[in-house]
Amino acid sequence: QVQLVQSGGGLVQAGGSLRLSCAGSGRSFSTDDMGWYRQAPGKEREFVAAISWSGDDTNYADSVKGRFTISRDNAKNTVYLQMNSLKPEDSAIYYCTDSGGDYWGQGTQVTVSS
C-alpha cells in the first residue's frame with residue numbers, strides 16, 4: 001500500500017518553530033516533485049511550498065516566504081517543512097502530497113497561539 005505518513009506539528013506560541021515530516025512508503029517518491037498544502041477552518045486548501053525531485057528548486061507561497069523551508073532526503077523517502085517565526089494565521093491542518101496529487105498525507109494539525 002502506497003502511503004504518505006506525516007509527523008510533527010502541534011501547538012506552539014507565536015514566533016516559535018515546528019518541523020513537519022512526510023515519509024513515503026510502498027514506493028519511492030525520489031523522482032516526484034512534492035509539496036505541502038494547508039487548510040484552515042472555513043477556508044479552502046491552499047498551497048504552501050513545493051520542491052523538485054532533486055531538491056534543487058523550491059517554491060513558496062508569499063505568505064510563508066522567508067519563514068518556511070521545504071527540503072527532502074530522497075534516501076529516506078521523506079520531505080520536510082521547517083516552519084519558523086510562526087504566526088497565529090499559520091494555524092491549519094497541513095498536508096503533504098506528490099505533484100500529481102495522487103497521494104496525500106493524513107494531515108497534521110498546527111496551532112499557533114498568540
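Keep in mind that the numbers below use all heavy atoms, side chains included, and drop hydrogens, waters and symmetry copies. Numbering of residues begins at 1 and proceeds along the displayed sequence.
Ring orientation note: the planes of Tyr37 and Phe47 are nearly perpendicular, at an angle over 60° on the 30°/60° scale.
Closest non-hydrogen pair, Ala50 versus Ile70, comes out as O-CG2, 3.5 Å. Nearest heavy atoms, Asn77 versus Ser30: OD1-N, 4.0 Å. Minimum heavy-atom separation, Pro88 to Ser114: CG-CB, 3.8 Å.
Not one N or O on the side chain of Arg72 forms a donor-acceptor pair closer than 3.5 Å with the backbone of Asp33. Remark: side-chain polar atoms of Asn74 are not paired, donor with acceptor, to backbone N or O of Ser54 under 3.5 angstrom.
In this structure, the separation between OG on Ser71 and CE on Met34 is 12.0 Å, given to the nearest 0.5 Å. Between the CG atom of Asn59 and the OG atom of Ser52 there is a distance of 10.5 Å, given to the nearest 0.5 Å. One distance of note links CG of Leu20 with CH2 of Trp36; it measures 4.5 Å at 0.5 Å rounding.
Sorted by first and then second residue, the pairs that involve residues 48-63 and meet salt bridge (charged side-chain N to carboxylate O under 4.0 Å, His left out), not counting sequence neighbours, are Asp62-Lys65. For residues 35-50, every residue pair satisfying the salt bridge (charged side-chain N to carboxylate O under 4.0 Å, His left out) rule, not counting sequence neighbours, is listed here: Arg38-Glu46, Arg38-Asp90. Counting only residues at least two apart or in different chains, salt bridge (charged side-chain N to carboxylate O under 4.0 Å, His left out) contacts with residues 11-28 comprise Arg27-Asp32. Identified under the salt bridge (charged side-chain N to carboxylate O under 4.0 Å, His left out) test for residues 7-18, with sequence neighbours left out: none.
In summary, of the residues considered (Thr69, Val110, Val64, Val48), a side-chain contact (heavy atoms from CB on, under 4.5 Å) with Met83 occurs for Val110 alone.
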Check the pair Phe29, Val2 against side-chain contact (heavy atoms from CB on, under 4.5 Å), reporting the backbone distance first and the verdict last.
CA-CA 10 Å; Phe29 287 88; Val2 179; 3.7 Å; yes
Would Tyr95 and Leu4 count as a side-chain contact (heavy atoms from CB on, under 4.5 Å) if you check the C-alpha gap in whole Å, the side-chain angles of each, and the deciding distance to 0.1 Å?
CA-CA 9 Å; Tyr95 300 89; Leu4 292 173; over 6 Å; no
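Side-chain heavy atoms closer than 4.5 Å link hydrophobic residues (I, L, V, M, F, W, Y) into clusters, and following such links, possibly through other members, connects Tyr60 to Tyr94. In this structure, Phe68 is a member of the same hydrophobic cluster as Ile51, with clusters built from ILVMFWY side-chain heavy atoms closer than 4.5 Å.
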Show the atom names and distances, to 0.1 Å, of all donor-acceptor pairs under 3.5 Å that link a side chain in residues 96-107 to residues at least two apart or in another chain.
{"from": "Thr97", "atom 1": "OG1", "to": "Tyr103", "atom 2": "O", "distance (Å)": "2.8"}
{"from": "Asp98", "atom 1": "OD1", "to": "Asp102", "atom 2": "N", "distance (Å)": "2.9"}
{"from": "Asp98", "atom 1": "OD1", "to": "Tyr103", "atom 2": "N", "distance (Å)": "2.8"}
{"from": "Trp104", "atom 1": "NE1", "to": "Gly101", "atom 2": "O", "distance (Å)": "3.1"}
{"from": "Gln106", "atom 1": "OE1", "to": "Gln6", "atom 2": "N", "distance (Å)": "2.8"}
{"from": "Gln106", "atom 1": "NE2", "to": "Gln6", "atom 2": "O", "distance (Å)": "2.9"}

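Qualifying side chain to side chain contact (heavy atoms under 4.5 Å, CB included) partners for Ser113, counting only residues two or more places apart in sequence or in other chains: Leu11, Gln13.
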